[in-house]
Amino acid sequence: MSSNIATTSAAGRRITALLDAGSFVEIGGAVTARATDFNMQEKETPGDGVITGYGVIDGNLVYVYSQNAEVLNGTIGEMHAKKIANIYDLAMKMGAPVIGLLDCAGMRLQEATDALDGFGNLYLKQAMASGVIPQISAVFGTCGGGLSVLPALSDFTFMEEKEARLFVNSPNAIPGNDIGKCDTSSAKFQSEEAGLVDGVGTEDEILADIRSLVCMLPGNNEEEASYSDCTDDLNRACAGIENAAEDTAIALANISDSNVFFETKREYAKDMVTGFIRLNGMTVGAAANRSKVYDSSANVTAEFDGSLSAKGAKKAAEFVEFCDAFNIPVLTLTNVTGFTAGKCSERNLAKAAAKLVYAFTNATVPKVNVVIGKAYGSAYVAMNSKSIGADMVYAWPEAEIGMMDAKLAAKIMYAGADSRVLNEKAAEYKELQSSPMSAARRGYVDAVIQPADTRKYVIGAFEMLFTKKEVRPSKKHGTV
């Protein structure tokens, strides 16, 4: 590092903790503010309030900027913004991720239009980099107003659990609200309600999460995939995985090499699990329906009805779009009874379901689906079914695939019949229309597999699909 402030400030210490030891090289350490209005020339502005440079994480090149709240509260002025923009230019040329460590009081009032132009330029750089290089943000202090757009433009965002604040309008500026009623700027709100934040924790936990995430992602959109050495048995039986059908976060960890699972948007729309696993050393994106959440002591901490919610569909759609942009194969575990019924959900459900269908259909990466439970109606179709482009579909023997529950179907078709007839017709309907073998006979399922063999089958499928090439209709972009 070229400046003392970079080594002694909290901003500098975060960079040191994030990167491999001794790997950080500072760029623009001598830059200071150019503004002279309102006696700005009399203020010390080392680095203009942001430390920028590059280094490595487990040998992977990354570019990083860390805002320094000790210099004018980390406010963004002309040179501050230019330093970050320069980091983006370098990262785009080299095809490496950008990591932003945010702690900023907003725009620098003394620089007004220059600060606004700087904000706009940062928006431009992030928008151009979207889908080209991974972008990761972490909020450690204040991130308000226009600055809140930066983590929203990023692919992944983390927040420090106690001191971090993320907002467009401060809680007290919202009519009818104050911070005592609802702290809309808190990590809890932004992770659970807004769904903007992937992970919440201490500063050390967040930096460790970023290191883990970087090691699972490709450096850019032209790399085939991210790999690591696999020391796990490729044919390892997933003993007891059927017991994790309700909490698919556990099931995904069971399938993955050495049980590695990096979950994204952990506190948002918990009825849908998204995250990254490794299969034979290759990173695979996973999305799965979830009806129960278990803690480390096997206690149920949340429970859902098995339906697909608007928030869950939105969460999965955004995740699949990221995977497709960066050539990351997608695995789904399907266990869904239909769409969530409710006034609140109904406002957004059709559009969210459409986005999920579009994300799966539009994705050209290898796509594998395993039906592990119920797969009913249009919600099943939206969950990476063969109908919308899944390359391989497997089902467990106890899975149910069809329009609806067999008993309900019998009641509709034989309204007024006695219980004996209804039970007979329900059993008949289940065998003829809802069993996995029925779907397999029609080609909607490629194979019915034992739950314990899931890891072996999905690894084989992705190896077979490794050279997949698929052409889409010529167009500028879709509009869903």
Side-chain angles (χ1 to χ4, degrees), residues 225 233-239 241-242 244-245 248 251-252 254-257 273 277-280 282-289 308 316 320 323-324 327-337 356-357 359-403 406 429-472:
D233 182 0
L234 302 187
N235 296 312
R236 170 172 58 81
C238 300
I241 192 174
E242 62 274 16
T248 43
L252 289 169
N254 196 328
I255 294 168
S256 180
D257 297 349
V273 179
I277 63 174
R278 286 199 184 274
L279 294 174
N280 194 15
M282 180 175 65
T283 295
V284 171
N289 307 112
L308 179 61
V320 171
C323 291
D324 188 50
N327 303 307
I328 299 171
V330 174
L331 169 69
T332 50
L333 302 183
T334 298
N335 186 9
V336 65
T337 58
L356 181 61
V357 169
F360 279 124
T361 305
N362 193 53
T364 59
V365 294
K367 295 172 288 188
V368 175
N369 185 17
V370 183
V371 182
I372 64 172
K374 296 176 180 178
Y376 291 159
S378 300
Y380 144 66
V381 175
M383 278 298 297
N384 192 28
S385 66
K386 180 77 77 171
S387 319
I388 64 170
D391 298 298
M392 294 294 292
V393 177
Y394 300 109
W396 290 356
E398 299 304 315
E400 298 176 32
I401 305 170
M403 283 291 293
Y429 186 91
K430 185 174 182 179
E431 174 62 27
L432 296 176
Q433 291 291 335
S434 298
S435 71
M437 281 308 301
S438 172
R441 291 187 190 103
R442 292 167 167 82
Y444 307 136
V445 167
D446 293 296
V448 178
I449 64 173
Q450 292 301 317
D453 294 332
T454 303
R455 171 177 163 82
K456 176 174 66 176
Y457 272 93
V458 295
I459 286 176
F462 282 121
E463 287 184 346
M464 179 271 291
L465 293 165
F466 183 74
T467 56
K468 176 187 174 183
K469 301 291 181 184
E470 193 169 354
V471 178
R472 287 288 182 261

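Along the sequence shown, the residues carry numbers beginning at 1.
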If you take all heavy atoms of Val320 and Ala359, which pair is closest and at what distance?
CG1-O, 3.7 Å

Looking only at atom types and distance, does a side-chain atom of Asp324 sit under 3.5 Å from a main-chain N or O of Thr364, one as donor and one as acceptor?
yes

Going from NZ on Lys367 to SG on Cys323, what distance comes out if it is rounded to the nearest 0.5 angstrom?
12.0 Å

Flag, side chain of Arg236 to backbone of Asn254, donor-acceptor distance under 3.5 Å
yes

Closest non-hydrogen atom pair, Pro451 against Ile241
O-CG2, 3.3 Å

Side chains of Phe466 and Pro366: closer than 4.5 Å at any heavy-atom pair?
no

In this structure, OG of Ser256 is separated from CG of Asn280 (nearest 0.5 Å) by 11.0 Å

Return the set of residues passing ring-ring contact (aromatic ring centres under 6.0 Å, His included) with Tyr444 (not counting sequence neighbours), or none when no residue passes.
none

Looking at Ala363 and Arg472, what are the two nearest heavy atoms and their distance?
O-NH2, 3.3 Å

Note, Leu234 side chain near Arg455 side chain (heavy atom, < 4.5 Å)
yes

Look up atom NZ in Lys456 and atom CG in Asp233, then write down how far apart they are to the nearest 0.5 Å.
10.0 Å

Show your working on side chain to side chain contact (heavy atoms under 4.5 Å, CB included) between Tyr394 and Thr454 and close with a plain yes or no.
CA-CA 9 Å; Tyr394 300 109; Thr454 303; over 6 Å; no

Spacing of Ile372 atom CD1 and Asn289 atom CG [to the nearest 0.5 Å]
7.5 Å

Identify whether the distance between the nearest side-chain nitrogen and carboxylate oxygen of Lys386 and Asp446 falls below 4.0 Å.
yes

Is a donor on one side and an acceptor on the other found under 3.5 Å between the side chain of Thr248 and the backbone of Ala251?
no

Heavy atoms of Val370 and Trp396 approach each other most closely as CG1-NE1, 3.8 Å

Could you tell me whether the side chain of Leu252 reaches within less than 4.5 Å of the side chain of Leu331, counting heavy atoms only?
yes

Looking at every non-hydrogen atom in both residues, tell me the closest pair between Leu279 and Val458 and how far apart they are.
CD1-CG2, 4.0 Å

Atom pair CG/CE of Leu308 and Met383 - distance to nearest 0.5 Å
7.0 Å

What's the spacing between Ile401 CD1 and Arg442 CZ if we round to 0.5 Å?
11.0 Å

With heavy-atom distances below 4.5 Å as the criterion, would you say the side chains of Glu242 and Glu398 are in contact?
no

Flag yes if more than 12 heavy atoms outside Glu470 fall under 6.0 Å of its CD atom; otherwise flag no.
yes

Whether the side chain of Asp391 engages the backbone of Val368 through a donor-acceptor N/O pair (distance < 3.5 Å, no angle test) should be reported.
no

Non-hydrogen atoms of Thr332 and Asn369 that approach each other most closely:
OG1-OD1, 2.9 Å

